[in-house]
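Protein chains get the first letters and strands the later ones, always in sequence-line order, with residue 1 at the start of each. Side-chain atoms are counted along with the backbone in the values below, which use heavy atoms only and exclude waters and symmetry mates.
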2 protein chains.
Amino acid sequence: MSAMPISTPKPQDVTQKVADALALAIHEHRLAPGTKLGEDEIGEIYNVSRTVVRAALQSLAHVQLVEIQRNKGAFVASPTPREAREVFEARALLEPRTARSAASRATPHDIEILKDHIAQEHAAMDAGDNGRALNLSGRFHIELARIADQDTIGRFIETLIARSSLVIALYWRRESALCESHAHHALVQSIADGDEQNAEELMRSHLVDLNSALDLRDRPVQAQNLRELLQTTAE
Amino acid sequence: MSAMPISTPKPQDVTQKVADALALAIHEHRLAPGTKLGEDEIGEIYNVSRTVVRAALQSLAHVQLVEIQRNKGAFVASPTPREAREVFEARALLEPRTARSAASRATPHDIEILKDHIAQEHAAMDAGDNGRALNLSGRFHIELARIADQDTIGRFIETLIARSSLVIALYWRRESALCESHAHHALVQSIADGDEQNAEELMRSHLVDLNSALDLRDRPVQAQNLRELLQTTAE
DNA sequence: GAGCTGCGCATTGTATACAACTTTGGCGCA
DNA sequence: TGCGCCAAAGTTGTATACAATGCGCAGCTC
């Protein structure tokens with residue numbers, strides 16, 4: 001609580017910081033699915049040893065943000081259409097309940113936080129920073145789970161949001177705009193009103209909208225992955 | 001592709017094997033909640049280095065089977081009553097849907113596997129090996145998720161089953177018997193019949209039964225944890 | 001005698017060194 | 001010329017060494 005003038009060199013978990021940095025880069029679509037994540041490379045970037053990098057990568061692998069192939073290395077995960085569908089099915093199962101619970105528990109302070117999130121989303125979109133906008137949009141859902149005060153389900157939702165970011169990177173159809181902030185605004189309104197039924201229903205339809213903005217028939221082909229595709233002969 | 005007569009010394013992931021061994025010990029209640037899991041100690045037991053042990057422990061920490069406190073070490077997780085309630089809430093949300101899906105997709109071979117599981121459960125119970133019976137009972141639910149062919153939700157369920165084992169270790173009331181194999185048998189019957197509605201409903205009531213066999217008002221006190229309780233003054 | 005301070009041990013966090021595997025380039029042979 | 005094998009480089013898997021933090025006990029002060 002007192003002054004902390006300079007230099008808290010490594011106050012907290014370094015591994016977590018590396019994992020967070022990588023996760024953020026993935027969420028903001030700075031790292032495309034399929035990208036190789038070499039241990040030495042990352043270690044040099046963050047000035048940490050491979051030990052730390054490996055721990056961070058394993059942590060990300062557990063939430064399926066990266067895929068680790070033994071003796072091959074870590075790659076940014078590349079969800080298949082099947083996985084993409086499963087992710088949104090799971091969200092459809094969990095999040096409406098969470099929205100309902102949030103509506104019944106949200107404090108005025110929580111409402112402020114949510115509104116602030118939306119404002120930031122708008123700002124990012126206006127600035128043309130789609131990556132940041134997408135990340136904030138996801139964090140909105142995570143914030144909802146926090147308000148719902150369901151830690152266990154909240155963690156599941158966190159991983160689903162993270163994977164959703166990858167799904168969107170791969171399968172988003174350009175025709176549909178990222179105009180979801182309106183849906184978020186309506187959600188906040190119903191939550192502020194304590195209208196549980198409406199919140200649940202809005203979340204359900206919001207997820208349906210998101211899902212219908214995906215084109216899961218397309219192949220998960222990114223420019224960068226061409227080479228990977230060519231070696232998909234074996235298994 | 002040719003013969004592989006003997007000795008594939010370390011064919012697969014060593015870390016995973018250590019993690020599995022520890023998880024099994026926890027599931028079978030051989031390791032009580034709160035038990036300290038020293039890195040050197042485990043490393044000696046399995047003849048691996050601390051590097052491997054640390055990776056295994058972090059893996060288990062991610063599914064909340066163990067809790068890692070920085071600079072303190074790893075301990076078998078000790079779910080609070082709140083966490084226990086959340087775990088079963090989440091299961092109630094996910095598993096009925098899974099049971100329904102399993103009923104619609106199960107092949108005759110799947111039915112065989114499920115019946116075999118139940119037989120093993122019976123055998124373990126008859127042998128008085130409650131730990132093994134409990135573990136098998138959990139794996140029954142995981143097998144259901146596999147049959148339902150929902151990998152994403154299946155992974156969530158796996159972690160919930162794992163934590164359920166800890167919850168049961170802490171909060172199971174002795175009065176109620178472990179007579180769930182009957183419920184499992186009825187479930188398999190409805191799944192074999194392809195009766196989705198019935199399967200979903202049976203799973204729902206099965207989870208309610210399980211939940212009502214817990215006494216969440218009790219403190220998470222185990223003999224071994226006495227010392228830990230005494231140092232719970234701070235926080 | 002009670003409480004506090006400082007040192008020493010034990011354990012964890014991080015870095016580095018070594019071993020095993022995968023890949024790739026080139027050379028030889030058909 | 002094309003196929004296949006071998007070797008060397010690079011990357012990951014594992015073990016060990018060093019640094020830092022926490023814990024406990026002894027001894028001192030009051």
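- Every residue meeting the ring-ring contact (aromatic ring centres under 6.0 Å, His included) condition with A:Phe140, not counting sequence neighbours, appears here in chain and number order: A:His184.
- Checked against ring-ring contact (aromatic ring centres under 6.0 Å, His included), B:His62 has the following partners two or more places apart in sequence or in another chain: A:His62.
- In this entry the distance linking CG of B:Asp40 with C1' of C:dC9 reads 14 Å, nearest Å.
- In this structure, the CD atom of A:Glu67 is 16 Å from the C1' atom of D:dT12, given to the nearest Å.
- Salt bridge status for A:Glu158 with A:Arg155: absent, with no side-chain N to carboxylate O gap under 4.0 Å.
- The ring-ring contact (aromatic ring centres under 6.0 Å, His included) search around A:Phe156 returns B:Phe156, not counting sequence neighbours.
- Contacts between residues 49-65 of chain B and DNA chain D, defined by a heavy-atom separation below 4.0 Å, involve B:Ser49, B:Arg50, B:Thr51, B:Val52, listed by number.
- For the pair A:Lys17 NZ and C:dT14 C1', the interatomic distance rounds to 15 Å; values are reported in whole Å.
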Under the side chain to side chain contact (heavy atoms under 4.5 Å, CB included) criterion, do B:Met203 and B:His141 qualify, and how do the steps go? CA-CA 10 Å; B:Met203 177 61 85; B:His141 288 251; 3.9 Å; yes

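- One can place CD of A:Glu39 at 14 Å from C1' of C:dA15, the figure rounded to the nearest angstrom.
- Distance, B:Asn47 CG to D:dA15 P: 9 Å, rounded to whole Å.
- The distance from atom CD of B:Gln69 to atom P of C:dT11 is 16 Å, rounded to the nearest whole Å.
- Note on B:Lys72: a side-chain N or O is less than 4.0 Å away from OP1 or OP2 of D:dC23.
- Identified under the salt bridge (Lys or Arg N to Asp or Glu O under 4.0 Å) test for residues 50-63 of chain A, with sequence neighbours left out: A:Glu39-A:Arg50, A:Glu39-A:Arg54.
- One atom, CG of B:Asp13, and another, P of C:dA20, lie 17 Å apart when rounded to the nearest Å.
- Applying the side-chain hydrogen bond (donor to acceptor under 3.5 Å, both in side chains) test to residues at least two apart or on different chains, the pairs with a partner in residues 21-31 of chain B are B:His29-B:Ser165.
- Each of C:dT22, C:dG13, D:dT14 was ranked by its minimum atom distance to the side chain of A:Asn71; first place goes to C:dT22.
- You'll find that the side chain of A:Val48 is closest to C:dA15, out of C:dA15, D:dT12, C:dT12.
- The distance between atom CZ of B:Arg70 and atom P of C:dT11, rounded to the nearest whole Å, is 19 Å.
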